[in-house]
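A short write-up of the structure that comes next.
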Amino acid sequence: MKSLLFDYGGTLDSDGSTWVDRFYPLYKEAGHDFSRNAFERAFYDSDDNLHVRHSLKGLDLEQTLRLQVQDVLKVLAPERTASAEPIAARFAADSRLHFAKLRPVLERLRGRYLLGVVSNFYGNLEDILRAEGLRDLFAVVADSGALGVTKPDPGIFLHAANAMNSSPSDCVMVGDSIKRDIAGAAGVGMKKALISAGTPVPAAGQDWTIRSVLELEAVLP
């Protein structure tokens, strides 16, 4: 194995928790009593259209999150859009705590492998990683919003492998989504490490199951 590819959301910023699962309790803590179904509809509408509605180039993590939250609140609580700032700040702070835990592991892995990111994101993931002091760890950042192709499409995985001068069979994809990360990587012949804390462990054809990127060193040859 030559290269490790990481998903971003749920992999580099948390241990397998999706953004919708992380955000929902933060809205509750801020005093919003939305139903889960209503919240998910507004969240995914914001998520899918953020890069269409806003110019995101150059924005850092917290600025990007604030826009995402504001668009949710414009639908569900237009009179309380001011609460977007503390919700976004709390989410960003939690992500940064996770970055701090992972960075020593990523630095050691970079001594053994080429590292890259393959993410369905808004087109400004490189800006965010640079602002968070993480961009130097990765040889390539394949951001669907910048490339115009999303996981599990083979093109985004092959783009990352080619950028690192690696064949797909030399790569390991590390992610928390069976549909996007594991199935997508399998489709191009990459090895797969699934981040999952659940029991029983999903059988999705992954080569390894880990609870966090923190465990990756222990399972890789």
Side-chain angles (χ1 to χ4, degrees), residues 1-17 19 51 56-65 92 94-177 180-182 184-185 188-195 207-208 210 212-221:
M1 288 180 292
K2 181 178 178 180
S3 303
L4 304 180
L5 299 171
F6 297 89
D7 171 50
Y8 174 73
T11 299
L12 291 178
D13 66 353
S14 73
D15 288 335
S17 295
W19 275 28
H51 65 294
L56 303 175
K57 186 171 178 58
L59 298 191
D60 64 18
L61 177 62
E62 198 161 337
Q63 292 167 329
T64 303
L65 294 171
D94 290 345
S95 298
R96 287 168 179 150
L97 287 174
H98 203 71
F99 298 154
K101 288 195 301 182
L102 291 192
R103 184 170 181 106
V105 175
L106 293 171
E107 288 177 341
R108 290 193 299 269
L109 288 169
R110 188 178 59 164
R112 298 163 56 190
Y113 308 97
L114 292 170
L115 306 185
V117 177
V118 179
S119 177
N120 287 353
F121 208 73
Y122 307 125
N124 66 324
L125 186 53
E126 282 206 67
D127 296 322
I128 287 174
L129 292 173
R130 189 172 293 109
E132 297 299 324
L134 298 172
R135 179 62 185 89
D136 63 300
L137 296 171
F138 303 107
V140 60
V141 176
D143 178 342
S144 66
L147 295 174
V149 57
T150 59
K151 296 182 295 187
D153 190 288
I156 194 167
F157 296 96
L158 295 176
H159 169 86
N162 290 338
M164 296 189 294
N165 198 28
S166 300
S167 67
S169 60
D170 290 332
C171 299
V172 178
M173 180 66 204
V174 184
D176 64 298
S177 170
R180 294 186 295 273
D181 300 319
I182 304 305
V188 296
M190 293 180 177
K191 296 178 178 64
K192 296 85 59 188
L194 174 66
I195 294 182
D207 299 279
W208 304 277
I210 54 178
S212 168
V213 171
L214 296 171
E215 298 181 352
L216 196 55
E217 291 174 293
V219 301
L220 293 178

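The first residue of the sequence shown is numbered 1, and numbering continues consecutively from there. What you are looking at is a predicted structure, and each value in this text was computed from that prediction instead of being measured.
- Atom CZ in R108 sits 12.5 Å away from atom CZ in R103 (nearest 0.5 Å).
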Given W208 and L216, is the side chain to side chain contact (heavy atoms under 4.5 Å, CB included) satisfied, shown in steps?
-> CA-CA 9 Å; W208 304 277; L216 196 55; 5.9 Å; no
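- Ring planes of Y8 and F99: tilted class, angle from 30 to 60°.
- V140 has its side chain out of reach of V117: every pair of non-hydrogen atoms, C-beta onward, lies at least 4.5 Å apart.
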Worked check of side chain to side chain contact (heavy atoms under 4.5 Å, CB included) between I210 and L194 = CA-CA 6 Å; I210 54 178; L194 174 66; over 6 Å; no
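- Using a 4.5 Å heavy-atom cutoff, the side chains of V172 and S3 are not in contact.
- Residues G116 and M164 approach most closely at N-SD, 4.1 Å, considering heavy atoms.
- R180 places no side-chain N or O within 3.5 Å of a backbone atom of D7 that could act as its donor or acceptor partner.
- Using a distance-only test at 3.5 Å, with no hydrogens or angles considered, no donor-acceptor pair links the side chain of D153 to the main chain of T150.
- Distance alone, capped at 3.5 Å, is enough to place a donor-acceptor pair between the K151 side chain and the V118 backbone.
- The shortest heavy-atom contact between G155 and V149 is C-CG1, 4.5 Å.
- Side chains of K2 and Y113 form no contact here, defined as non-hydrogen atoms less than 4.5 Å apart.
- A side-chain donor-acceptor contact under 3.5 Å links S14 to the backbone of S17.
- Under 4.0 Å is where a charged nitrogen must lie from a carboxylate oxygen, and between R130 and D60 no such pair does.
- Here the rule is side-chain contact (heavy atoms from CB on, under 4.5 Å) with L109, and of V174, L102, L115 only L115 fits it.
- With D143 contributing its side chain and G123 its backbone, the two residues share a donor-acceptor pair below 3.5 Å.
- Of all the heavy atoms in R110 and L137, the pair that sits closest is CD-O, 3.6 Å.
- Counting only distance, with no hydrogens or angles, the side chain of N124 and the backbone of D127 share no donor-acceptor pair below 3.5 Å.
- In this structure, the side chains of V105 and E217 come closer than 4.5 Å at one or more pairs of heavy atoms.
- Here the straight-line distance linking atom CG of L147 with atom CZ of F121 works out to 13.5 Å at 0.5 Å rounding.
- To the nearest 0.5 Å, atoms CG (L5) and CG (L114) are separated by 9.5 Å.
- Note that the OG atom of S169 and the NZ atom of K191 stand 6.0 Å from one another [nearest 0.5 Å].
- Between N120 and S144, the closest heavy-atom pair is CA-OG, 3.1 Å.
- One finds the CG atom of D15 at 6.0 Å from the CG atom of L214 (value rounded to the nearest 0.5 Å).
- Using a 4.5 Å cut-off on side-chain heavy atoms (C-beta onward), M1 and P221 make contact.
- In this structure, G175 and D181 approach most closely via the heavy-atom pair CA-OD2, 3.4 Å.
- When only modelled atom types and interatomic distance are considered, T11 and D176 share a side-chain donor-acceptor pair under 3.5 Å.
- Other residues, nucleotides and ligands place more than 12 heavy atoms under 6.0 Å from the CG atom of N162.
- Minimum heavy-atom separation, P154 to V188: CB-CG1, 3.5 Å.
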Derivation and outcome, side chain to side chain contact (heavy atoms under 4.5 Å, CB included), residues W19 and L65 | CA-CA 11 Å; W19 275 28; L65 294 171; 3.6 Å; yes
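- Between R96 and E62 a salt bridge is recorded (basic side-chain N to carboxylate O distance below 4.0 Å).
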Show your working on side chain to side chain contact (heavy atoms under 4.5 Å, CB included) between L220 and L4 and close with a plain yes or no.
-> CA-CA 10 Å; L220 293 178; L4 304 180; 3.8 Å; yes
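- Between E132 atom CD and L125 atom CG the span is 10.5 Å, to the nearest 0.5 Å.
- Using a distance-only test at 3.5 Å, with no hydrogens or angles considered, a donor-acceptor pair links the side chain of D207 to the main chain of K192.
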